Engineer: 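Okay, handing you the structure first.
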Amino acid sequence: MSQLRSPGQVTGTARRLLSGAARASAVRLAAVTTAGVVSAGAAIALPAVLGRTLDLLLDGAANAGPWLALCAALIIADMLSDSASALLTGTVNAHTAAWMRGRALRHLLAAGPRGAARFTPGDLVTRLTGNATEAAVAPATAAAALPALALPIGGLVALLLIDVWTAVAFLAGAPVLVLLLRAFTRDTSDAVSRYQRVQGDIATRLVEALGGARTIAAAGTQEWERARVLTPLPELGLRGRQVWRVYGTAVARAAVLVPLLETAVLAVGGLRLAAGELTVGELLAVFRYAALAAGVGAVVGQLGALVRSRAAARRTAELLTVPAMRYGTRKLPEDGPGRLEFREVTVAREGRPVLRNVNLVVPGGATLAVVGRSGAGKTVLAELAGRLADPDAGVVLLDGIPLAELERQALRRDVGYAFERPALFGATVAEALAFGPYEPDGPTVTAAARAAGADPFVRRLPTGYATPLGDAPLSGGEAQRLGLARAFAHAGRMLVLDDATSSLDSVTERQVVRALLHDVRPGTRVVIAHRASSAARADLVAWLDGGRIRGLGPHSALWALPEYRAVFAAESGEGKPDDSHPRGAR
């Protein structure tokens, strides 16, 4: 993943993400805090009430009954509030995780394809699932922090009120407790961040392997690939052991320190009891309050959860540092022909120029074929034509209006795309074809499928257009035809075909192109072409070479150049222009 923002900016974004999540669950968090306060109040009051009850019972007092009842009431209140707190905390964590995932996903989708491309698929999945789940714990943990801190503070105050000398004995060891918590927070933060980073690396490798499962099986490299995916596993184990070593060290130190403090308090209390300065009940209360004041185990757990959540929130928040694509408020002219224009357009990817000072005009209603060798910048040009990405310099205009100034809906309704490997969304085939900025009616969908050559094989499916996508096994060519049909069903004033016919045979491609020109709403076409026959059917050809337009004109004129013909040399059966479809007849 490329570095998106400085650590300070990511930390600020993570803080805002957690604050937003807290506001989204404000009522639930208030309930968590209330339940925690009730539980803490009952826990703090109980030792004093128990001590008083014990003294009354030892003295044989007749009024010990109400005190016993009060002890029972405090115990029940503590149990009920703990149960409510656990239930509310789980609800808040689930709600917060869903909110964070939705927030990050909406931002990534708004950033466009180039934004998501800054992360590997496996890393994205890890950040949106595991990291978001860990980060979601922070608001509820913070809401429970006040009651958690109230216990040791309340215990210390109660010690001071009952007997100053026992409080002094406890305070003698308090600085060591503070140092212990500080060291735990510092060491845990670093170890958790490293652990989560390695998790993302493993997820990335796993997603890559699953995506190439057929290739791996065909090559017989399963064992090699398994070893590659699991290569970071030893480091993951090392980082995991570091996390638990830090946590275990803190708990072990607390396990030694806390009993020593309690023993010191109990020893001083015993001396005070022997001197007649404390009662037996007060000694019991002192011992219980010392345990509350030294409750470092609970505090360590709270701190550990907060540290892990903050580290996970930073990884989730990095998704929000991707610049979102902003839209304007202008609309396209109603009678615009679809004139596309590139003015001094330059694009760089990872510091390398991909398009350089491109100037290009496509008349409205014309078909432009974009050709060039691999890496020439064809796909980037196609992305810019419909604003799936923005240029680093220059401007792209449609009917005289810069694409960046158009409102989202106006742009997406009038500019459609068909891709080489279309992603199909929807429960059924019909829903997949209707998917888009608006839902076309049934006849429009069926006509688009016929134009794309998809209608015959769709009707052969078990329930035709109502067939669930999961029950419709599709070849590469069939999936491509469905993608074309979806684009045809939403055709506006411009349609961009990014290698969208590469999996079709020559005969089917000719039929689809003929239908595109005659049966689909007229408009401007931008076609990424790899076949000479595709370029021959276009009104205009833009020949890209090294990110620049090396030639612009009709295919028949460019064909006289040996370098232009060499672009198609690798294409099987594409040695000359397709004379069977003159441009005038198409």
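Remember, it's a predicted structure, so these values are computed and weren't measured experimentally. Atoms considered below: every heavy atom in the structure, side chains included; atoms not considered: hydrogens, waters and symmetry mates.
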Engineer: For Arg412, check side chain to side chain contact (heavy atoms under 4.5 Å, CB included) against everything at least two apart and list the hits.
Structural biologist: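 Side chain to side chain contact (heavy atoms under 4.5 Å, CB included) list for Arg412, sorted by chain: Tyr327, Arg387, Leu388, Arg408, Pro437.
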Engineer: Any luck finding a side-chain donor-acceptor pair between Thr13 and Arg16 under 3.5 Å?
Structural biologist: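 Indeed, the side chains of Thr13 and Arg16 share at least one donor-acceptor pair under 3.5 Å.
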Engineer: Is any side-chain N of the basic residue among Asp455 and Arg459 closer than 4.0 Å to the acidic one's carboxylate O?
Structural biologist: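 Result for this pair is yes, salt bridge flagged.
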Engineer: List the steps, then state whether salt bridge (charged side-chain N to carboxylate O under 4.0 Å, His left out) holds for Glu407 with Arg330.
Structural biologist: CA-CA 6 Å; Glu407 68 172 12; Arg330 300 181 66 179; over 6 Å; no
Engineer: Report yes or no: does Tyr417 contribute a side-chain atom to a donor-acceptor pair with the main-chain N or O of Glu383 at less than 3.5 Å?
Structural biologist: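 Looks like yes, one N/O pair under 3.5 Å.
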Engineer: Going from CZ on Arg197 to CG on Asn131, what distance comes out if it is rounded to the nearest 0.5 angstrom?
Structural biologist: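 The CG atom of Asn131 is 12.5 Å from CZ of Arg197, to the nearest 0.5 Å.
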Engineer: Counting only heavy atoms from other residues, nucleotides and ligands, does the tally under 6.0 Å from CD of Glu344 exceed 12?
Structural biologist: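 Counting other residues, nucleotides and ligands, CD of Glu344 exceeds 12 neighbours.
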Engineer: Out of curiosity, Ile549 CD1 to Leu360 CG, how far, rounded to the nearest 0.5 Å?
Structural biologist: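 Here the interatomic distance stands at 4.5 Å.
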Engineer: Within a radius of less than 6.0 Å around CZ of Arg101, do more than 12 heavy atoms belonging to other residues, nucleotides or ligands occur?
Structural biologist: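 Yes, the 6.0 Å shell around CZ holds more than 12 heavy atoms from other groups.
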Engineer: Which residues pass the ring-ring contact (aromatic ring centres under 6.0 Å, His included) test with Phe425, sequence neighbours left out?
Structural biologist: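 With neighbours one apart ignored, the set is Phe435.
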Engineer: His107 vs Leu319, test: side-chain contact (heavy atoms from CB on, under 4.5 Å). Steps then yes/no.
Structural biologist: CA-CA 8 Å; His107 184 86; Leu319 302 179; 6.0 Å; no
Engineer: Considering non-hydrogen atoms only, spot the tightest contact between Leu469 and Gly426 and give its length.
Structural biologist: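 Shortest heavy-atom separation between Leu469 and Gly426 comes out as CD1-O, 3.1 Å.
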Engineer: Can you give me the closest heavy-atom contact between Thr524 and Gly365, atom names plus distance?
Structural biologist: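 Here Thr524 and Gly365 meet closest at OG1-N, 3.0 Å.
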Engineer: Going through the checks in order, is the side-chain contact (heavy atoms from CB on, under 4.5 Å) test met by Leu398 and Met494?
Structural biologist: CA-CA 9 Å; Leu398 183 61; Met494 186 169 73; 4.2 Å; yes
Engineer: CG of Leu484 to CG of Leu433: how many Å apart, nearest 0.5 Å?
Structural biologist: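 Between atom CG of Leu484 and atom CG of Leu433 there are 11.0 Å.
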Engineer: Between Asp123 and Arg315, does any side-chain N to carboxylate O distance fall below 4.0 Å?
Structural biologist: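 Result for this pair is yes, salt bridge flagged.
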Engineer: Where do Leu384 and Leu403 come nearest, in terms of heavy atoms and distance?
Structural biologist: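 Nearest heavy atoms, Leu384 then Leu403: O-CD1, 3.4 Å.
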Engineer: Can you tell me how far CZ of Arg481 sits from CD of Glu509, rounded to the nearest 0.5 angstrom?
Structural biologist: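 Nearest 0.5 Å value for the CD-CZ distance: 12.0 Å.
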Engineer: Once you round to the nearest 0.5 Å, how far does CZ of Arg103 lie from OG1 of Thr96?
Structural biologist: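 Interatomic distance, Arg103 CZ to Thr96 OG1, rounded to 0.5 Å: 14.5 Å.
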Engineer: Count the heavy atoms belonging to other residues, nucleotides or ligands that lie under 6.0 Å from CZ of Arg349, then report whether that count exceeds 12.
Structural biologist: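 Result for CZ/Arg349: enclosed.
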Engineer: Under the ring-ring contact (aromatic ring centres under 6.0 Å, His included) rule, collect the residues that match up with Tyr564, sequence neighbours excluded.
Structural biologist: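 By the ring-ring contact (aromatic ring centres under 6.0 Å, His included) rule, Tyr564 matches Trp543, His555, Phe568.
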Engineer: For side-chain contact (heavy atoms from CB on, under 4.5 Å), just list the numbers for Leu340 and Leu397, CA-CA rounded to whole Å, side-chain angles, deciding distance to a tenth of an Å, and then say yes or no.
Structural biologist: CA-CA 6 Å; Leu340 178 67; Leu397 304 97; over 6 Å; no
Engineer: For salt bridge (charged side-chain N to carboxylate O under 4.0 Å, His left out), just list the numbers for Asp399 and Arg339, CA-CA rounded to whole Å, side-chain angles, deciding distance to a tenth of an Å, and then say yes or no.
Structural biologist: CA-CA 5 Å; Asp399 283 331; Arg339 183 177 187 268; over 6 Å; no
Engineer: Which value, rounded to the nearest 0.5 Å, describes the distance between Arg23 atom CZ and Leu29 atom CG?
Structural biologist: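 One gets 12.0 Å once the value is rounded to the nearest 0.5 Å.
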Engineer: Could you walk me through whether Glu341 and Arg343 pass salt bridge (charged side-chain N to carboxylate O under 4.0 Å, His left out), step by step?
Structural biologist: CA-CA 6 Å; Glu341 184 177 359; Arg343 294 181 184 171; 2.8 Å; yes
Engineer: Could you walk me through whether Arg525 and Val520 pass side-chain contact (heavy atoms from CB on, under 4.5 Å), step by step?
Structural biologist: CA-CA 11 Å; Arg525 318 296 189 201; Val520 180; 4.2 Å; yes
